[in-house]
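Report on the structure given below.
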Amino acid sequence: MTVSTKGAREIISFYREAGVDTLVGEEPIDRFADEAPPSTASPPPVPTPKSRGPAPSVTAADGRPLFQAAPVAPETAIMAARQAAKSAATLDALRALLETFEGCMLRATATQLVFADGNPNARVMFVGEAPGRDEDLAGKPFVGRSGKLLDRMMAAIGLDRRQAYIANIVPWRPPGNRTPTPHESAICLPFIHRQIELANPDILVCLGQPSTQTLLHTREGITRTRGRWFKFDTGSREIRALATYHPAFLLRSPLQKRLAWRDFLALQKELAG
Ligand code: URA
């Protein structure tokens, strides 16, 4: 391997680890340069991700456009998210709202919105953390390796995606699959709350610690909360919620599958009851 090839590999792997995994142009642009070099040729067009629609249409409570020139303050974005989520009367309306919501920076780096999969009329709803690369490309939650495991776990208790509704706390992929910041989760929270209320499942299953802590208002770790039933107020009624391990964790720690299996048996019993 030549030195330059090795160098190129190293920088590419550095980029991948840093979450830079999408090409947006052929030529590098030095954004630290004081002034752009004079150019006679017109710049190449920047490819637009398929879901990035027209210019932002959502405004904050004071009428300011959200996130057009510069990011708005976190509290403003959270307020706008609350108002927008509340205004959605159906799941389709909520999805449409999210398609144009500009208050969360993750939208800018994601390929598209990952809203939900499965049956919105199902009695059970699973909620994970955030989409990964496969989900970002497919536009559906849990389609990658952990999704395949989730499918197998559901199948073990007689469920498939026709009898379950699946979503995430955060509906856009964080760059490089990093954990969503508390602030990003807080902005997305009103939307997932409304999504749960509109889907109106009988049972909510929180997959993993971030989903459990965020939705069930607990600071306890998942090793303590998994297998426990909680009460969850959808906004319209109280339902039961179960915390369990995230399939991605189970892929890394297969020995814990026996505990997840117990949780799924408890879920099966609850659904039968
Ligand atoms: N992990 C999640 O939490 N959600 C997905 O959709 C995929 C992986």
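All values derive from a computational prediction rather than experimental measurement. Atoms within a ligand are numbered from 1 in the order they appear, just like the ligands themselves.
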Query - Protein heavy atom at shortest distance from atom 4 (N) of ligand 1 - result: Asn168 OD1, 2.8 Å

Query raised in the report: Relative to ligand 1, is Glu135 under 4.0 angstrom through side chain, backbone, both or neither, heavy atoms considered?
Result: side chain

Requested in this report: Tell me whether the centres of the aromatic rings in Phe101 and Phe191 are closer together than 6.0 Å.
Outcome: yes

Query raised in the report: Can you check whether Ala88's main-chain N or O pairs, donor with acceptor, with Arg194's side chain at less than 3.5 Å?
Result: yes

Query - Atom indices of ligand 1 within 4.0 angstrom of Ser146 heavy atoms, with elements - result: 8 (C)

Query raised in the report: Got a donor-acceptor contact below 3.5 angstrom from the Glu129 side chain to the Ser211 backbone?
Result: no

Query raised in the report: Taking atom CZ of Arg145 as the centre, does the number of heavy atoms from other residues, nucleotides or ligands within less than 6.0 Å exceed 12?
Result: no

Report summary line: Going by the 4.0 angstrom heavy-atom rule, the piece of Ser211 near ligand 1 is neither

Requested in this report: Between Pro210, Gly128, Pro180, Ala130, flag the one that comes closest to atom 5 (C) of ligand 1 by a heavy atom.
Outcome: Ala130

Query raised in the report: Do Arg237 side-chain atoms and Thr234 backbone N/O form a donor-acceptor pair below 3.5 Å?
Result: no

Report task. Would you mind running through ligand 1 and noting each atom that sits below 4.0 Å from a heavy atom of His246? Result -> 1 (N), 2 (C), 3 (O)

Query raised in the report: Taking both backbone and side-chain atoms of Phe142, is any N or O found less than 3.5 Å from an N or O belonging to ligand 1?
Result: yes

Report summary line: A student checking ligand 1 against Pro141 at a 4.0 Å heavy-atom cut-off should list atoms 6 (O)

Requested in this report: Would you confirm whether Thr109, through its side chain, and Leu106, through its main-chain N or O, come within 3.5 Å as a donor-acceptor pair?
Outcome: yes

